[in-house]
Structures are given as C-alpha cells and as structure tokens.
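Computed from a predicted structure; not experimentally measured. Counting convention: from 1, in listed order, for ligands and their atoms alike.
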Amino acid sequence: MIFCFLCVMNKILVSGGCGYIGAHTIVNLIENGFEVISADNNSRSKENILEAVEKITGKIIKNYKVDLCIYDDVVAIFQENRDIAGIIHFAAFKSVGESVKKPLLYFENNLNSLINILKCAEEFSIPNFVFSSSCTVYGNPDAIPVTEQTPMKPAESAYGATKQMGEQIVQEAMNCSSNRAILLRYFNPVGAHPSALIGEIPLGKPENLVPAITQTAIGKLPLMQVWGNDYDTRDGSCVRDYIHVCDIAHAHILALNYLLQNKNQSNCDVFNLGTGNGITVLEIINEFEKTSGQKLNYKIGPRRPGDVIAIYANNDKAKNLLGWQPKFNLQQMMATAWKWELKLKEDEEMFKSQNSGLK
Ligand code: WQD
C-alpha cells in the first residue's frame, strides 16, 4: 500500500496567527504534526512572532498579511491553498475596556472578518471550523461556576456582544452546510511559552491584568490600578478563571482532532476552557509577588465599565469529551509571564546597545 500524503489533508489556516493565543496554538499544531498557514494583518500584532515560532518548532510559517474584512483578499488565500483541512479563527479585537469606548469598531472588525472567513469555508468546502469565543458571552452569570448550558446574560461590553453574536453566526452557518464547528470559550488566558520566546505583547498601555502587573513590576509602568475592591466577592476585587495560554493552545488541537475523527455530537459543539478555579485580582497580585519576589506598586482605583464581577468555569465537558486537562498552575502562570517580561526587557536593552552607536 502506497501511503498517500496528499490524501491526509492536515493543513490548518490560523487567522490571527501572529496574536498571543494564535502563535501559541501554531506551535502546538506543528508539534502535533499539522501544517500551518497564518492570516494576520498585524493591526494588533507583530509578524516577527512567527520567527520565534520558527525557533521553537523549526518550521517557517507563511503569513498572509491581509485584512480579513476585505472579502476578495480572504478568497485569494483559499484559492492559493486548496488543501486546507480546517480553520481556527482567532482574528478579532479583544479588549473589554476598549470595546466599551469604541463599540462600532468592534462590531465592524470582529463580525465582518468572521463572516468573510465563514463564507470562504462554505465556498471552498472546508469542513472543520474552530471559533475563538470567550467567557464574556455569559455576561454577569447568576450562578458560578458556569457550564456550557448556563444561559447567556446580556453582554457587559461590545467585545462580549461580538462573541455572543459570533457564536450565533457560526451556529447558523453550520445549520445550512455540511461543515462542523467547535466554539471554545476561553476564560482568562495568561502566561507565556516556557521558552520565553513567545508571549503576550500588548500594543501600548496594557488593558489586561497580567501584562499590567508584569510591566509595573519591571518598571515600564510606574503604578497599576486595581479597578475596584468594593464588589461582592471575598476580598472585594473581581473574580476570574486564569488559564495558561499553552493549555488553551492545546485545547485547539484536541478540538480539531475531535472534528477530524467525527466525534462531534452536533454540528456546533461548545466547550468552556478554564481551570475551574476562581481567583480575585488581589489574589493574583499576591501570587505574582510571591512567585517573582517583586513587590507590586498598585493602588485601588474605580470600577472599570464593562467588567463582570465574578466568573469561573465548570470545565467537565472539555475534560470528558476532548480529553483536555489543564497542566499549568497559578504559580507557573505567573512565573512564565514574569520570565517573558524579563526576556522582553533583555531584548530591548540588547537592541538599544546594538543601535546606540548609530546616532
Ligand atoms: C481581569 C480583571 C479587571 C487590568 C479578558 C480578555 C477577554 C476575554 C476574557 C478571552 C478585571 C482587572 C485589569 C488592570 C485591573 N478572554 N484589572 N487592573 O476583562 O476579564 O477580559 O478575559 O477571550 O479577551 O480581555 O480581563 O485582564 O482585562 O481584567 O484591576 O490594570 O483584572 O478590572 O477585573 P477581562 P482583564
């Protein structure tokens, strides 16, 4: 029997492949034998992260630097790659705080890019689709932990609304096609690859908690603010379910294989990706200080509009059906985040010293 490599189609298109979760997922895809291409216009990312992916995996990743809101440009990717077996769609703006201030930007970008990708999946018969969703679809839940059956409350931000609508768009698209999808609801992705070669690179002042912590600790920011300590939680600060980005990345491989092996129970399955542990803002700051040995300069500020008070996951479904098991604990999340921040500083200092003589 001649083994036909062509008939084992394993090329995956990763939209937003230069992003934080996208890049970590590409590493995991390659380590699991997939071929990968990326589509990312680098409006919120840097293409050179794929050089770091190459250092980790030894593979050069082609990135199509296109705006996924321009349909013809998306079509061109699929016309050039007729052997795509699946799509993982990360590309979206994702700051809760920013989306409250610029809702139309979020609806335009996050929904148009999704619709274009889905239209191509249909037109080019790409059977497997994994959608990057979010725990923000639950809004402020009445009961926690949330399961995948927990009813969605009104989204607390335009970002959350784009994920609620995005899930519905994917479901409706699957209902009138033979394609199948999985919706992955990330809780709070944090940390960095253990190599410290890839991690989160906020553009400008960080909105998210952990990069705000590490940038304050390393001196990039003079001070950080805890947005409210008067909530009805055990220490007054908001509760979240922090999950290591490498655990999130691996869940995508399990989700793809679940589809490729036709194990899906419907044409659009949904899974929570969280550890199942609710941690407050003040508790994660404390864990960071213990892990890094750095005292954090912070003060209590006002509540942030759009914030959910408390949410964490029931992750039984992903464990039982995908075989997913988060491996990184909170200490490792903080340690890898800090190691990444230290590496960024080291690289910046090396760049400055190499270029100091050029003035
Ligand atoms: C967490 C907590 C802030 C910064 C994120 C992603 C979103 C989605 C859900 C995946 C909140 C507090 C923050 C700071 C603070 N994930 N905070 N000071 O809002 O839960 O949303 O997870 O799709 O994409 O953005 O995360 O890190 O912004 O905030 O006190 O300087 O930390 O108020 O309570 P959030 P976050």
Side-chain angles (χ1 to χ4, degrees), residues 16 19-22 24-25 44 89-101 106 110 131-141 144 146 155-164 166-167 183-191 200 202-217 220-233 235-245 247-249 251-252 271-275 278-288 296-313 333 337:
Y20 172 45
I21 305 174
H24 284 83
T25 300
R44 297 291 173 98
H89 181 59
F90 289 108
F93 295 158
K94 62 109 178 169
S95 165
V96 170
E98 182 188 39
S99 79
V100 171
K101 298 168 193 150
Y106 271 66
N110 292 6
F131 178 62
S132 166
S133 189
S134 162
C135 62
T136 46
V137 301
Y138 295 108
N140 257 313
I144 46 178
V146 292
E156 292 292 320
S157 64
Y159 167 76
T162 67
K163 291 301 182 182
Q164 287 180 339
E167 289 197 359
L183 313 175
L184 295 179
R185 291 176 181 166
Y186 314 151
F187 282 69
N188 284 55
V190 296
E200 190 169 9
L203 299 184
K205 193 167 182 291
E207 289 265 332
N208 292 136
L209 178 60
V210 172
I213 288 174
T214 57
Q215 287 197 14
T216 302
K220 271 186 184 171
L221 296 172
L223 164 85
M224 71 159 279
Q225 298 200 55
V226 172
W227 301 125
N229 70 340
D230 57 352
Y231 288 101
D232 183 16
T233 64
D235 62 17
S237 63
C238 292
V239 174
R240 295 288 185 276
D241 184 331
Y242 297 94
I243 174 83
H244 198 282
V245 63
D247 283 325
I248 291 275
H252 289 76
F271 295 94
N272 283 339
L273 296 185
T275 61
I279 305 290
T280 72
V281 174
L282 293 170
E283 288 167 346
I284 205 166
I285 288 175
N286 181 48
E287 182 60 47
F288 173 80
L296 194 70
N297 186 23
Y298 70 91
K299 73 173 187 177
I300 304 298
R303 292 183 175 191
R304 182 174 71 174
D307 266 341
V308 164
I309 299 167
I311 189 165
Y312 62 94
M333 293 180 214

Q: With a 4.0 Å cut-off on heavy atoms, is Phe187 in contact with ligand 1?
A: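 A heavy atom of Phe187 does come that close to ligand 1.
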Q: Identify the two heavy atoms, one from Arg44 and one from Tyr106, that lie closest to each other, and give their separation to 0.1 Å.
A: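 In this case the closest contact between Arg44 and Tyr106 is NH1-OH, 4.0 Å.
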Q: Would you mind telling me if ligand 1 is within reach of the side chain of Val281, the backbone, both or neither, using heavy atoms under 4.0 Å?
A: side chain
Q: Is Asp307 touching ligand 1 with its side chain, its backbone, both, or neither, if touching means heavy atoms under 4.0 Å apart?
A: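 Asp307 to ligand 1: side-chain contact only, backbone stays beyond 4.0 Å.
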Q: Tell me if a side-chain donor or acceptor on Lys205 pairs with a main-chain N or O of Ala212 at a distance below 3.5 Å.
A: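 Not at all, since once roles are kept as given, no pair shorter than 3.5 Å links the two residues.
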Q: Are side-chain N/O atoms of Tyr159 and Glu98 paired as donor and acceptor at under 3.5 Å?
A: no
Q: Mind checking whether Arg304 contacts ligand 1 via backbone (N, CA, C, O), side chain (CB onward), both or neither, at a 4.0 Å heavy-atom cut-off?
A: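 The part of Arg304 near ligand 1 is the side chain, not the backbone.
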Q: Does Asn272 reach the main-chain N or O of Gly274 with its side chain, forming a donor-acceptor pair under 3.5 Å?
A: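 Looks like no, no N/O pair under 3.5 Å.
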Q: Could you tell me which residues satisfy salt bridge (charged side-chain N to carboxylate O under 4.0 Å, His left out) with Asp307, sequence neighbours excluded, listed by chain and number?
A: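 Checked Asp307 against salt bridge (charged side-chain N to carboxylate O under 4.0 Å, His left out); matches are Arg240, Arg304.
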Q: Determine all donor-acceptor pairs shorter than 3.5 Å in which one atom belongs to a side chain in residues 220-228; sequence neighbours excluded.
A:
| unit_1 | atom_1 | unit_2 | atom_2 | d |
| --- | --- | --- | --- | --- |
| Lys220 | NZ | Glu341 | OE2 | 3.3 |
| Lys220 | NZ | Glu348 | OE2 | 3.3 |

Q: Tell me the protein heavy atom at minimum distance from atom 30 (O) of ligand 1, and give that distance in Å.
A: Trp227 N, 2.9 Å
Q: What part of Glu207 sits under 4.0 Å from ligand 1 if we count only heavy atoms: the side chain, the backbone, both or neither?
A: backbone
Q: Could you identify the single nearest non-hydrogen protein atom to atom 21 (O) of ligand 1 and state the distance to 0.1 Å?
A: Val96 CG2, 3.6 Å
